[in-house]
Amino acid sequence: MEGVNVENLDQNLYDISWLIGKPCASPCWNGLEPGVTPRKVSTETAKKLPFVNSESFRTSNKYGMQSAWLLCKEPTNLTCVNMFFDNGILESLWLTPSYEITFDEAVKKLGTPDGFLVKPMYPNAGGCSLDVIWIKQRLILRHIEGVIGLFDFRTDLCTKVRQNNGKLPSGIRVEGVIINNPSEMESIFEKDIIQIWKGFMQD
């Protein structure tokens, strides 16, 4: 669906709320706000969203982390939303777009990001992760290049950004959407050096 006008997608099947800011703009998502919304309200609200399969609702308390998730209506095997909780409060939302959308298209809708972070996934190994960040909105769009095989590491993205003075290649797909609580955003900036936004490479 790359290049499709996402606003023409059926919102009973596809979540475009994070992109168009309706019914509320990030850091709010469909009435939920990390750092604010209680767990019960979060789960009950999420189960009523039209684009999720409410019967797929599951929870976990592994490793001291409370979480809940729901699968999409389309495709049926994709997790649309992960919710993470701390002390009964929603801490972060991890959303997975169930349609093709690139960083280029997202930036046109959301406006200029505050910066980005690109780094190897595994030290001295391979893979590359890209986060594009909007600070006030507490919003992160993510793409990950993984390790294909034992000796076949995909690091093209990290290399391209380094060789092109911090500009991002066009056409990279958004694989994840993260909305954090304020303290989590602060910790990201404490741990990592966020690069200044320089736009996309010219084709």
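These values consider heavy atoms only, across backbone and side chains, with no hydrogens, waters or symmetry-generated copies.
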Given the rule in the side chain to side chain contact (heavy atoms under 4.5 Å, CB included) test, do Trp134 and Ser26 qualify, once you have shown the distances and angles that lead to the verdict?
-> CA-CA 9 Å; Trp134 287 259; Ser26 185; over 6 Å; no

With a cut-off of 6.0 Å (strictly less than), are more than 12 heavy atoms of other residues, nucleotides or ligands near [atom1] of [X]?
X: Asn165; atom1: CG; result: no
X: Lys47; atom1: NZ; result: yes
X: Asn12; atom1: CG; result: yes

First locate atom CZ of Arg138, then atom CD of Glu184, and finally report the distance between them rounded to the nearest 0.5 Å.
->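 Answer rounded to 0.5 Å: 11.0 Å.
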
Is the backbone of Pro97 close enough, under 3.5 Å, to the side chain of Tyr14 for a donor and an acceptor to pair up by distance?
->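 Pair absent, no side-chain N/O of Tyr14 close to backbone of Pro97.
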
Give the C-alpha distance, both sets of side-chain angles, the deciding distance and a yes or no for side chain to side chain contact (heavy atoms under 4.5 Å, CB included) between Phe103 and Leu130.
-> CA-CA 10 Å; Phe103 282 91; Leu130 166 67; 4.0 Å; yes

With a 4.5 Å limit on heavy-atom distance, are the side chains of Val81 and Trp29 in contact?
->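 They are in side-chain contact.
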
Ile140 side chain reached by Met185 side chain, heavy atoms, under 4.5 Å |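 They are in side-chain contact.
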
Do Ile178 and Ile89 belong together in a cluster built from hydrophobic side chains that touch within less than 4.5 Å?
->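 No; tracing contacts between hydrophobic side chains, which count when under 4.5 Å, never links both residues.
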
Give the C-alpha distance, both sets of side-chain angles, the deciding distance and a yes or no for salt bridge (Lys or Arg N to Asp or Glu O under 4.0 Å) between Glu105 and Lys108.
-> CA-CA 5 Å; Glu105 293 165 329; Lys108 286 178 183 177; over 6 Å; no

Side chain to side chain contact (heavy atoms under 4.5 Å, CB included) between Thr96 and Glu175, worked out | CA-CA 6 Å; Thr96 306; Glu175 296 177 339; over 6 Å; no

Working for side chain to side chain contact (heavy atoms under 4.5 Å, CB included), residues Phe51 and Leu13 = CA-CA 4 Å; Phe51 48 83; Leu13 294 176; 5.5 Å; no

